[in-house]
Amino acid sequence: GLGDVYKRQSVGSLSNLNAVINHEGLRQHHEQDLPHIRFCGKVAQRQRQYNRHWLREQPAGSWIDRIPPWDEVANRPEVVSCLIDQCMGVCKDDYGVPVRKRTEWKGSDEALLVTLRTMQCDGSHEHAHPTGKQLAKLRHYPSGVCNAVADGIIALKQQLTLHSSTAGLQCGLCSDV
């Protein structure tokens with residue numbers, strides 16, 4: 001099978017702003033999430049060992065790529081990334097006002113990100129700035145972002161299927177497709 005790993009990690013607090021205004025809370029959150037962060041990085045490494053793929057999302061400005069093993073994973077030449085604005089994926093607050101919610105996506109193949117790359121705010125609307133409970137409600141992905149992720153997985157599967165049909169069974173990249 002394709003073997004995609006998709007895991008959203010809860011390290012939204014790993015940003016410069018939170019480090020300044022809530023240092024102790026950041027430290028506690030970091031210590032709590034560190035085993036999970038490392039586990040997901042090891043899964044991404046294992047996916048690479050088996051010529052499989054992974055996709056990861058983090059809030060823009062996250063420090064996760066400084067944490068082992070993500071520091072090694074993120075610096076691999078095949079790793080690609082993009083920033084998106086979730087307002088373009090229909091992210092809205094309770095009043096229907098678009099919320100920018102900028103996030104960074106990284107993955108093991110460009111095909112995973114091709115549709116996500118189109119999600120750059122076009123400036124045609126104002127943005128809401130939710131806090132508290134309103135912000136907590138936005139932890140789920142809007143439908144447009146989910147569709148873009150699904151499109152990327154489909155594109156990668158098609159790419160791998162085409163590659164395996166043209167390369168024959170001798171191809172090491174396709175051994176378990």
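The model shown is predicted, which means the values in this text are computed figures rather than measured ones.
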Query raised in the report: Taking only residues two or more places apart in sequence or in another chain, which ones pass ring-ring contact (aromatic ring centres under 6.0 Å, His included) with H127?
Result: H125

Requested in this report: Indicate yes or no: at least one non-hydrogen side-chain atom of K42 is less than 4.5 angstrom from one of V73.
Outcome: no

From [atom1] ([X]) to [atom2] ([Y]), nearest 0.5 Å:
X: D85; Y: M119; atom1: CG; atom2: CE; result: 10.0 Å
X: R102; Y: C91; atom1: CZ; atom2: SG; result: 13.5 Å
X: L156; Y: R52; atom1: CG; atom2: CZ; result: 12.0 Å
X: Q32; Y: Q28; atom1: CD; atom2: CD; result: 9.0 Å
X: L55; Y: E57; atom1: CG; atom2: CD; result: 9.0 Å
X: L135; Y: H129; atom1: CG; atom2: NE2; result: 12.0 Å

Query raised in the report: Would D94 and K137 pass as an ion pair if we require N to O under 4.0 Å?
Result: yes

Requested in this report: Considering only NZ, NE, NH1 and NH2 on the basic side and carboxylate oxygens on the acidic side, decide whether R66 and D71 come within less than 4.0 Å.
Outcome: no

Considering all heavy atoms of both residues, which atom of [X] and which atom of [Y] are nearest to each other, and what is their separation?
X: P142; Y: G89; answer: CB-O, 3.0 Å
X: C87; Y: P98; answer: CB-CB, 4.0 Å
X: V145; Y: Q86; answer: CG2-CG, 4.0 Å
X: L116; Y: C82; answer: CB-SG, 4.1 Å

**Report entry** Pairs touching residues 111-124 that satisfy salt bridge (charged side-chain N to carboxylate O under 4.0 Å, His left out), sequence neighbours left out
**Finding:** E110-R117

Query raised in the report: Going through the distances and angles, do R48 and E78 end up as a side-chain contact (heavy atoms from CB on, under 4.5 Å)?
Result: CA-CA 10 Å; R48 185 180 158 276; E78 69 275 9; 3.0 Å; yes

Query raised in the report: So with a 6.0 Å cut-off around CD of E24, is the heavy-atom count from everything else above 12?
Result: yes

Indicate yes or no for a side-chain donor-acceptor contact from [X] to the backbone of [Y] under 3.5 Å, with no hydrogens or angles considered.
X: Q45; Y: E72; answer: no
X: S62; Y: Q58; answer: no
X: D109; Y: L112; answer: no

Requested in this report: Evaluate the criterion salt bridge (Lys or Arg N to Asp or Glu O under 4.0 Å) for residue pair D33 and R38; output intermediate values, then yes/no.
Outcome: CA-CA 9 Å; D33 283 347; R38 288 187 173 142; over 6 Å; no

Query raised in the report: For the hydrophobic clusters of this structure (ILVMFWY residues joined by side-chain heavy atoms under 4.5 Å, transitively), does one cluster hold both L160 and V80?
Result: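 Result: yes, single cluster for both.
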
Report task. Could you state whether I67 and V79 fall into the same hydrophobic cluster, counting links through intermediate Ile, Leu, Val, Met, Phe, Trp or Tyr residues with side-chain heavy atoms under 4.5 angstrom apart? Result ->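 Yes, it is one cluster - the side chains of I67 and V79 are joined through contacts under 4.5 Å.
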
Query raised in the report: Checking side-chain contact (heavy atoms from CB on, under 4.5 Å) for the pair V99/L138: CA distance, chi angles, key distance, verdict?
Result: CA-CA 9 Å; V99 177; L138 298 175; 3.8 Å; yes

Query raised in the report: Which is it for V149 and W105 under the side-chain contact (heavy atoms from CB on, under 4.5 Å) test, yes or no, and what are the steps along the way?
Result: CA-CA 10 Å; V149 169; W105 291 78; 3.6 Å; yes

Query raised in the report: Do W54 and W70 make the cut of ring centroids closer than 6.0 angstrom?
Result: yes

